[in-house]
Structures are given as C-alpha cells and as structure tokens.
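These numbers come from the heavy atoms of this one structure, side chains and all, not from hydrogens, waters or symmetry mates.
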Amino acid sequence: MSFDPIPNVEVKTDYIEIQGTIDLVSSALKIAPGVAIDSGNFVPEITGGAKRIGGYERYDGHSSPSEQTYWVATVDTTSLLAVGNTITGVTSTFTAKVLYIESATVAIVTRNSGTFTPGETLNVGGAPKAVLTTMTEQGTTTQTKNVTYTALAADEYRADISAVPGEGNVLGIWNYQGTVVAFRNNVGSTACRMYKATSSGWVQVTGGGIPALVASGRYEFLNANFSGAATGMKMYGCDGKNKAFSWDGTTYTEITTTGSPETPQHIAFHKNRLFLSIYGSVYISAPADPGGTWVAISGAGEIGVGDLITAMIPLPGDNNTGALAIYGRSKTVILYGSATASWSVGNAASDAGGVPYTAQYAAGGAYVLDDRGVTSLKAVQEFGNFNAASVSKAVQPFIDSKVNLAIAASVLRSQDQYRLYFTDGTGLAFRVSQGAVAAVLPFTYTNAVTCICSGENTSGREVVYFGSTNGMVYQAEKGTSFDGTAIEAWMRLAFNAKGGPTIQKKWRRAIVEVDVPSYASIQFTYEMDYGDSNLPVVALQTTTQEGGGGYWDSFTWDEFTWDSQIVSMPKFALSGTSQNISLLFVSNDALSLPFTLQSVVMHYTPRRIKR
C-alpha cells in the first residue's frame, strides 16, 4: 500500500501498547487504549500483547500432519500431470504424489518414498508423463509459497489419522511417559474401552488385568511415583463409574478403597499418598502404598467434607505448610497435616466452590470456575492460610452465559495460562501469576473439548491433547489451522479518545508492531465515534508479513529467514475526523503461525472541540 506524505501541519503520535486482555464491563471512557472490547481466537502472550491462538490437529500416534514436507519437482512439462497422480521414477522406482501444479514445468509433490534420479522418466499408471530435471525438498523461493505447500502436505497426511474406535465423546485423555492413552465407549455404549496411540494408530489395551469397564464415565488421571525408584512411575485414574486403577504401561491394577460405592470421581497425589473422592468423602491411601485394598490399620483414612466434592488440588509447601485444596460444589476447604493423626480441615470459602473438572494449579495459584466466576485460591499468610477471591470480573457477562456449559480446564505452562473450555467450543484463556489474573481473552475451537491433558513429551517439550465429541483426539498448539479449517481471529480495541474525549482529531496513519514467526496475513480496519452509523464504512486493508528474522550469532540456522525483519511494522492508512477511534485486526486463514500484536503508533492532528 502506498501512502501520501503527511502534510505540513501539526501531527502528533500516540503509542498504544496492546494489553492482550478484554474488558466487557467497564464504561467506554474507563477502558484503557490497548484493551480489547471484542475479541476471538487471540490469547494473552506471556511477554505482553495478544497472540493469535495456536492451531490444533488430529492425533493417533501417526506422524504429525504439520510436520510433513513437500518437494519441488522441475520437469520438462506438467501438461500430462494432475493433482492426485502417483508418479513413479522409471530409473529409481521411487514414488511420490502430486499435490499442486505450480507452472508448466514445476509440480509440487509429497509422500516421496526415496530420492529420485535427475533425468529419469516419470510414469503415472505405467505410462510416461514427464521427465524429471530436479527434485528439491521445500525448494520454494518465498515464505508464502512455503506455508501454502506445507499446508497442502498436511492436508494429504491428515486423512491417515483416525478417531478413537467406538462412539460418543472421548471420555478421557492422558499422556503417560510419552504414550497417549484415551478412553471411549464401544459401539452401542455397553462398555468403555482403553486405547493407546501408536505409530499405526489407536490400539486397544487388553490383557494385563484390565477388567470389563462400565461405560460413560468421566476420567481424571495423574502420574505418580510412590516407590522412589527411577522406574516407579505409574498412571492412576478414576471415572465415577469404575474402581480407581493404576497402569504401568503393561499391568492394569484395580484399587479398592474403604468407600462405597467403589466409584471414585476425583483423584490427587499429595504427601506421597493417593487421594480419591467419592461424593462428599475423601479416601486416603497408606503412605507410599496406593495399590490393592486400603485398610485403616496400614494408615489409610477417610475425611468427610459435607459437600459434593468436585476437585482436589495439591498446594505447594514443605511437610508443614503443604496442603490440599478440596473443592465442593458450594464450599472450599483446605486439608492440612501429613499423617492420620495430624489431618485437619480448615475452611477457605464457605460460599464458593467449584464446577467439576475446572480446577487447575498454574503459575503459583489454584484456579477454579464457580457459579459467580473464576476464583483464585491464594496463600495470604506465610504458614498455610488461604482465601478465595474472584479474578474474572472483566469477563463476567461471558461467564454468566457459559457457566452451565463448563466441561474442562487446562494449564499451558509455557505461557502461564489457565484455560477454561465450554461444551459449545468456546473458551477463556487467562494469563495468571501468583493467584492473580494479568489478562484474559476468549477463543472458539471448531471442535469442542470433552476432556484435555497437558504434560511433556519424551523430549521434555510441553504437549497438550484433547478429546472431542466426534471421537477424535487433537494435539493443541500445533500447526496453522484448526485441523485443516481456517482460524478466524479478530481483536477490536477500545475507542481511543487521545487528546480529550470531545476534541476532534484528524486520523492519518496507524503503524502496527507485530511479531511474526514466519508468515501472517493480517487485515485491518477501524470505526470512529463509537461506530456512528452516519460515518462511512471503512474497507478492510490487508497486509502479508513474512518474519523469522534474527540477530547474528543468536539464531538457529534451520529456523532463521534471511532478510526478514526482527519485528514487522506494517502501516495502515487512516482517513476521517472524529472524537475517538477503535482499531480492528482480523486474521482468517489456515496458513499463519501464531503471531503477536504488540503495539500501535497512531498519527493524528488535533482539531477543535466538538460542540
């Protein structure tokens, strides 16, 4: 886009830091510039700003679609080739699949079975169709072509990945030492089945003591090592329909508590003991021995809470100050102590509890959704006293409309985020620290979450998986799309009345600071005077930014793009005179990696007071 030079008149600048948060309750003049008043599919960035939410893609143990590659095949002619053709090198005998015809002499292919020989004839169905000149992996000249062809390759491989066998929702998903485990009802919903992801897809877990499982539970899991040995880590779970269990990758062992019925709903690991809740009681294993049948003589115990228990969250501390938060539906208590003789229950909130499956510990605080909003359980004194405080007032209208739809919560540790999910696919991403909320933004997944887990893969990198209503398991924060569907994201900033709310301003230019990792297509428009319908509608302006730049000696070779800016600063033209202005950013494609809106510099000229 070309810009006319700024005229020789007084021009002022206004720097707006994008806060990465939304305010749905304050009056217009109270909302700070840089705070959103409408947003979707942006999340708070840990270093500040608003980040387009990460994509997700289906998962069953096969290779990730977004990690697949493509080759640029230069040939004598593409006139006899078509998308979908399988080409075979007559000399090499290797095969590949045609993804795209770029030009009269260039085809984009994938699923290469080996290295083709330059100069060999390429057959399709046994008939010669072209002669190969070169075959180069990811041999494109622009980031735009690279992301386009990478997305085509992802679409090709996506079809290899299947849902967890059975019917209905995925009932539980967990990451046990790099193995992803899922539970789903069988066809007919007469029983539940346990599956694990493998390089060939989902495989049912049978044998090893696994019993016939009652259908339609809702699973909770944890990984814990009670033995102290390096190889003692096991997976523990419960679902409200069956006995609790442990699994070590081979052997499935049922756990029998002293409770009745033997169908625990919630689970926690605390003070080297396993805690299971059955309705209003907490059952506690003997120290370092959660297996088999629990008996009081071995140190097992039971504590009544007086409310339907919805979650248990361990709170950090030493042997004296560490405690267990026990959420009921309408109250919250804290369990202190470390042995049968020293257990004691203190009240944290007599009128605030938690919605089931929404409690998480993140960045120094415990968070849960209550009927009146998200509350934080925060230490208020050095030695183990706590109180509950609401931290979601800025999005209260959103929560009021969704509280009965809450289905799950997760933690994104790398971003200090606590996320809430609702049955209609919507969610809230909170950036949190030490029991406080620094920012919050709403998002919407195309596929609604039914269960979710976060952990680490075998390389120590954070991974997030969720199950959905269609039986699919997805890996979140992965790829550039919602499993092949474009991610529609937008952010409308508060109306900015810089220079005074009644002063007319001639708006001239907006310069946006954007952190772009590789490629981003961003659209921009604006409204004036609170969206006055008498003012003309402003058309969207579009910019395509290619990032990935870095500093010499501070980058990784394979992740560095020469001649790319460290931070992109696209310029957008403004036109019109008004008292205030609201900027709108839009992104709607399946190609862009998450980019971060950081700030805006506004150019304007003050006019007169509006009478």
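- Residues satisfying the salt bridge (charged side-chain N to carboxylate O under 4.0 Å, His left out) test with Arg218, not counting sequence neighbours, are none.
- Across all their heavy atoms, Pro33 and Ile16 have their closest contact at C-CG2, 3.7 Å.
- Note on Asp371 versus Arg329: salt bridge recorded, some NZ/NE/NH1/NH2 to OD/OE distance being below 4.0 Å.
- Side-chain N or O atoms of Thr450 include one that pairs as donor or acceptor with a backbone N or O of Val170 at under 3.5 Å.
- When every heavy atom of Asn41 is checked against every heavy atom of Phe443, the shortest pair comes out as OD1-CB, 3.4 Å.
- Not a single donor-acceptor pair under 3.5 Å links the side chain of Ser481 to the backbone N or O of Ala590.
- For Ala439 against Thr21, the heavy-atom pair with the smallest separation is CA-OG1, 3.4 Å.
- In this structure, Asp23 contributes its side chain and Ser26 its backbone to a donor-acceptor pair below 3.5 Å.
- With sequence neighbours excluded, the residues forming a ring pair (Phe, Tyr, Trp, His ring centres under 6.0 Å) with Tyr367 are Tyr418, listed by chain and number.
- The shortest distance between side-chain heavy atoms of Pro501 and Phe495 does not fall below 4.5 Å.
- Using a distance-only test at 3.5 Å, with no hydrogens or angles considered, a donor-acceptor pair links the side chain of Arg431 to the main chain of Glu45.
- Side-chain N/O atoms of Glu546 and Thr144 include a donor and acceptor closer than 3.5 Å.
- Note: Tyr445 and Tyr421 have tilted aromatic rings, judged against thresholds of 30 and 60 degrees for the angle between ring planes.
- Residues Leu593 and Arg52 share a closest heavy-atom pair of C-NH2, 3.8 Å.
- Between Ser521 and Thr542 there is a side-chain heavy-atom pair separated by less than 4.5 Å.
- In the displayed structure, Lys498 atom NZ is contacted under 6.0 Å by at most 12 heavy atoms of other residues, nucleotides or ligands.
- Of the listed residues (Val305, Val345, Leu315), just one forms a side-chain contact (heavy atoms from CB on, under 4.5 Å) with Leu335, and that residue is Val345.
- Ring orientation note: the planes of Tyr59 and Tyr465 are tilted relative to one another, at an angle of 30° to 60°.
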Intermediate values then yes/no, side chain to side chain contact (heavy atoms under 4.5 Å, CB included), Val512 and Phe585: CA-CA 10 Å; Val512 184; Phe585 302 93; 3.6 Å; yes
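- With respect to Asp483, the side chain to side chain donor-acceptor pair (under 3.5 Å) criterion is satisfied by exactly one of Arg58, Gln475, Lys478: Arg58.
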Go through the steps to decide whether Met491 and Ile18 satisfy the test side chain to side chain contact (heavy atoms under 4.5 Å, CB included), and finish with yes or no. CA-CA 10 Å; Met491 174 166 285; Ile18 295 177; 4.2 Å; yes
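- Side chain of Gln360 to backbone of Ala409: a donor-acceptor contact under 3.5 angstrom is found.
- Without hydrogens or angle criteria, Asn496 side chain to Asn580 main chain gives no donor-acceptor distance under 3.5 Å.
- Here the closest heavy-atom approach between residue Asn175 and residue Gly455 is recorded as ND2-C, 4.2 Å.
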Show, in sequence, the C-alpha distance, side-chain angles and deciding distance for Glu57 and Ser64, and conclude whether the side chain to side chain donor-acceptor pair (under 3.5 Å) test is met. CA-CA 8 Å; Glu57 59 187 18; Ser64 163; 2.3 Å; yes
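- Not a single donor-acceptor pair under 3.5 Å links the side chain of Thr596 to the backbone N or O of Asp515.
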For Tyr56 and Phe482, run ring pair (Phe, Tyr, Trp, His ring centres under 6.0 Å): C-alpha distance rounded to whole Å, both residues' side-chain angles, the deciding distance at 0.1 Å, then the answer. CA-CA 5 Å; Tyr56 62 79; Phe482 286 161; 4.8 Å; yes
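- Under a 3.5 Å cut-off, the side chain of Asp370 and the backbone N or O of Gly373 do not form any donor-acceptor pair.
- Summarising the geometry of Phe595 relative to Pro517, their closest heavy-atom pair is CA-CD, 4.2 Å, with the distance given to 0.1 Å.
- Pairs passing the ring-ring contact (aromatic ring centres under 6.0 Å, His included) check and including a residue from residues 346-366, sequence neighbours excluded, read His266-Tyr357.
- Judged by distance alone, with hydrogens and angles left aside, the side-chain atoms of Thr525 form no donor-acceptor pair with the main-chain N or O of Leu584 at under 3.5 Å.
- Using a 4.0 Å cut-off between charged nitrogen and carboxylate oxygen, Lys331 and Asp307 do not count as a salt-bridge pair.
- A side-chain donor-acceptor contact under 3.5 Å links Glu462 to the backbone of Arg413.
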Steps toward side chain to side chain donor-acceptor pair (under 3.5 Å) verdict (Arg372, Ser390): CA-CA 8 Å; Arg372 289 167 292 181; Ser390 175; over 6 Å; no
